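Keep in mind that what you see is a predicted model, and the values were worked out from it rather than measured.
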Amino acid sequence: GLTQIGFKVFDATRVEEAMQQVRSVLLRTHDGIEDFNFNYFVGRWRDDIETRTRDARVSGGMIAGMSLLVGGIGIMNIMFASINERLREIGTCKAIGATPFSIFVQFLVEATVLAIIGTIGGIAASYLLLDLLTWATSGQIAVGNSSSDSVGNAPMITSSSMLLAAVFGLTVGVLAGLFPAVKAAGLSPIEALRSE
């Protein structure tokens with residue numbers, strides 16, 4: 001009868017190398033006669049996994065983009081509300097000599113602080129969700145670049161993705177604060193002081 005021998009390769013990029021090693025061992029034990037063949041499914045599985053991973057990344061990117069848009073609109077609305085509530089303060093500052101640039105910088109700094117707080121909150125939420133996901137799947141948490149031996153298939157947050165998310169969050173916050181800051185800087189002190 002036929003004898004089947006199974007082996008597992010943990011790194012999909014080294015399948016060909018592993019098969020050559022197994023082939024060499026089998027040729028030595030079979031006196032140089034190649035009376036065996038290989039059945040492996042990594043090609044089909046790898047293509048399927050790559051397709052699913054690509055689809056998940058595109059979906060995740062779209063969700064992240066919408067979240068950034070909503071967050072930016074939220075910061076912009078908060079800044080506009082802040083300007084409307086502080087019209088007299090802005091008018092007073094301008095009347096006693098504040099330049100439009102100093103008013104612009106003040107509101108831009110406030111928008112940046114809101115973006116920093118939101119970014120820190122988002123990073124904290126991602127760690128909490130990762131803990132929840134790990135607990136639900138009884139896996140193992142991995143933060144950063146860990147070796148595959150200790151991590152396996154556990155979900156992980158890489159430092160590069162964390163940095164990218166922080167940069168995008170801060171950028172959206174600053175961009176969302178630009179328009180309200182320009183509006184505050186351009187207010188006429190007389191009109192601002194007349195507001196109730």
### Task
Verify the cluster assignment for I75 and I83: are they in a single hydrophobic cluster under the rule of side-chain heavy atoms below 4.5 Å apart?
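Linked within one cluster.
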### Query
Applying the 4.5 Å side-chain criterion to the ILVMFWY set and letting contacts propagate, would I103 and L114 be lumped into a single cluster?
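The answer is yes; both residues are in one hydrophobic cluster.
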Distance, nearest 0.5 Å, that separates [atom1] of [X] from [atom2] of [Y]:
X	Y	atom1	atom2	answer
L26	I33	CG	CD1	12.5 Å
L130	W135	CG	CH2	14.5 Å
S159	M162	OG	CE	8.0 Å
S126	L133	OG	CG	12.0 Å
E89	S82	CD	OG	8.0 Å
N84	M79	CG	CE	11.5 Å

Other cluster members, [X] - Ile/Leu/Val/Met/Phe/Trp/Tyr, side-chain contacts below 4.5 Å:
X	answer
I116	I120, L170
V70	none
V109	F101, F104, V105, L108, V113, I117, V174, L175, L178, V182

Heavy-atom side-chain contact between [X] and [Y] under 4.5 Å:
X	Y	value
E34	R23	yes
F80	P180	yes
S67	I63	yes
C93	I90	no
S24	R28	yes

### Derivation and outcome, salt bridge (charged side-chain N to carboxylate O under 4.0 Å, His left out), residues R86 and E110
CA-CA 13 Å; R86 294 160 58 188; E110 289 180 19; 2.9 Å; yes
### Query
For atom CG of D31, is the number of surrounding heavy atoms from other residues, nucleotides or ligands below 6.0 Å larger than 12?
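Counting neighbours around CG of D31, 12 or fewer heavy atoms of other residues, nucleotides or ligands fall under 6.0 Å, so no.
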Looking at every heavy atom in both [X] and [Y], which two are closest together, and how far apart are they?
X	Y	result
L68	G169	CD2-CA, 4.0 Å
G173	A115	CA-CB, 3.5 Å
A111	G177	CB-CA, 3.5 Å
A176	G72	CB-O, 3.2 Å

### Query
Taking the side chain from T29 and the backbone from V25, do they hold a donor-acceptor pair closer than 3.5 Å?
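Yes, because the side chain of T29 sits within donor-acceptor range (under 3.5 Å) of the backbone of V25.
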#### Entry: T99 backbone acceptor or donor facing K94 side chain under 3.5 Å
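Absent.
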